[in-house]
Amino acid sequence: MKPASQAPADDGQQAASSLCVAAVQMVSTPRVDENLRTAAARIAEAVALGAELVALPEYFAIMGMSDSDKVGVREHDGSGPIQDFLAASAREHGIWLIGGSLPLSADSPDKVLNSSVAYNPHGQRVARYDKIHLFGFRQGAEAYDESVTIQAGRQPVTFATPFGRVGLSICYDLRFPELYRALGVTELLVVPAAFTETTGRAHWEILLRARAIENQCYVLAVAQGGRHENGRETHGNSMLIDPWGEILDRKLKGPGVVVGTLERDRLEAVRANLPALKHRVM
């Protein structure tokens, strides 16, 4: 399976030597308007810290009281208040902006696509990725089944920036390394998530660092992080990881911003010193 490249190919210009990126950690509520105001303030904060690319978490626009709440606010692809907000924010600040995930219309009237959408500094959408792997978990009274309200995506997606290619994924995708291999060589992987506290405490950081190490690229993980009104506790721990697996910045719990700089020299040094990507056999 080849990834869909939903941005113009590189135009031959020399790649940027660095890119300042930010992850906006949130504790979203059931109210879309309130969440968009919070996201706007955090985006502005990230930009003030120098961010040129900003990512929001999974379900940034709504964490409903029930799983079906997101169906009620789903938008048609390309049109709606959440997508309009993202486009306007990217254009206003002149940044690359990734809306971690929002509910888009699916084939079934009682389901949504859980979609990550990316906009360029002109406010033009350059990519849309629909979450492929749907979370299912049961341990005692704690249970989740995303397949009840979400239609699975099918296509891996990357897009081009002046620094390099960005690969998109969402939350549970993190457990499936074959998805990231299918993206090809990328300079940055973005992982918006709403990991539960139970699974996040056990596996979140180690999986993120593994994806950075094995793909020899930066990973920007942007999470929901706290106790939500619906009673769910999300793990948080948003972070930026370099291609050697080192954590450059993190936010453990609560709303906040993680900021750091992607450095081409660092990326190229790791790949030259240990050329694992060239050593692949299968």
Are [X] and [Y] close enough that some pair of their side-chain heavy atoms sits under 4.5 Å apart?
X    : Y    : answer
T38  : F60  : no
R271 : C217 : yes
H228 : V27  : yes
Y172 : N114 : no
N120 : W96  : yes
L179 : P156 : yes
R74  : S105 : yes
D33  : R31  : no

Between [X] and [Y], what is the shortest heavy-atom contact and its length?
X    : Y    : value
M63  : S28  : CB-O, 3.5 Å
L220 : A23  : CD1-CB, 3.8 Å
P103 : V73  : CG-CG2, 4.1 Å
E58  : Q224 : O-NE2, 2.9 Å
A51  : I95  : O-CG2, 3.7 Å
C171 : K131 : CB-NZ, 3.8 Å

Show me the donor-acceptor pairs, under 3.5 Å and distance only, between side chains in residues 199-208 and residues at least two apart or in other chains.
residue	atom	partner	partner atom	Å
T199	OG1	T196	OG1	2.7
R201	NH1	E197	OE2	3.2
H203	ND1	R175	NH1	3.2
H203	ND1	R175	NH2	3.0
W204	NE1	G236	O	3.3
W204	NE1	N237	O	2.9
E205	OE1	R250	NH1	3.0
E205	OE1	R250	NH2	3.3
E205	OE2	R209	NH1	3.4

Is there a chain of hydrophobic side chains (I, L, V, M, F, W, Y, each step under 4.5 Å between heavy atoms) that links [X] to [Y]?
X    : Y    : result
L86  : I98  : no
M26  : F85  : yes
L53  : V24  : no
I150 : V71  : yes
W244 : I247 : no

Could you tell me whether the side chain of [X] and the main chain of [Y] form a donor-acceptor pair under 3.5 Å?
X    : Y    : result
E268 : E263 : no
N230 : G64  : yes
E75  : I82  : yes
S238 : A223 : yes
R266 : P243 : no

Pairs of donor and acceptor atoms involving the side chains of residues 40-49, under 3.5 Å and at least two apart or interchain, shall be tabulated with distances.
residue	atom	partner	partner atom	Å
R42	NH1	E45	OE1	2.8

Could you tell me the separation between the [atom1] atom of [X] and the [atom2] atom of [Y], rounded to the nearest 0.5 Å?
X    : Y    : atom1 : atom2 : answer
Y119 : L97  : OH    : CG    : 8.5 Å
L188 : Y218 : CG    : OH    : 10.0 Å
S101 : L56  : OG    : CG    : 10.0 Å
I170 : L134 : CD1   : CG    : 10.0 Å
K70  : L102 : NZ    : CG    : 12.5 Å
R181 : N215 : CZ    : CG    : 5.0 Å

Would you please say whether a donor-acceptor pair under 3.5 Å links the side chains of [X] and [Y]?
X    : Y    : answer
T186 : R165 : no
D69  : S66  : yes
D67  : T149 : no
D173 : Y129 : yes

*Partners meeting salt bridge (charged side-chain N to carboxylate O under 4.0 Å, His left out) with R227 (sequence neighbours left out)*: E233
*After noting the C-alpha distance and the side-chain angles of D77 and R128, does the key distance pass the side chain to side chain contact (heavy atoms under 4.5 Å, CB included) rule?*
CA-CA 9 Å; D77 185 36; R128 169 187 142 198; 3.1 Å; yes
*asked:* Going by the rule side-chain hydrogen bond (donor to acceptor under 3.5 Å, both in side chains), which residues pair with S17 if we only count those two or more places apart in sequence or in a different chain?
replied: none
*Evaluation steps, side chain to side chain contact (heavy atoms under 4.5 Å, CB included), between L274 and Q216*: CA-CA 9 Å; L274 179 62; Q216 297 190 310; 4.1 Å; yes
*Residues which pass side-chain contact (heavy atoms from CB on, under 4.5 Å) with D249, listed by chain and number, not counting sequence neighbours*: V258
*asked:* Under the rule for side-chain contact (heavy atoms from CB on, under 4.5 Å), what residues qualify as partners of Q151, not counting sequence neighbours?
replied: A106, D107, L113
_For a side chain to side chain contact (heavy atoms under 4.5 Å, CB included) check, start with the C-alpha distance between V112 and L104, then their side-chain angles and the critical distance, and finish with the verdict._
CA-CA 5 Å; V112 300; L104 294 181; over 6 Å; no
*Centroid-centroid distance, Y180 to F176, less than 6.0 Å*: no
*Go through L240 and L262 one step at a time and tell me if the side chain to side chain contact (heavy atoms under 4.5 Å, CB included) criterion holds.*
CA-CA 9 Å; L240 175 63; L262 316 186; 4.0 Å; yes
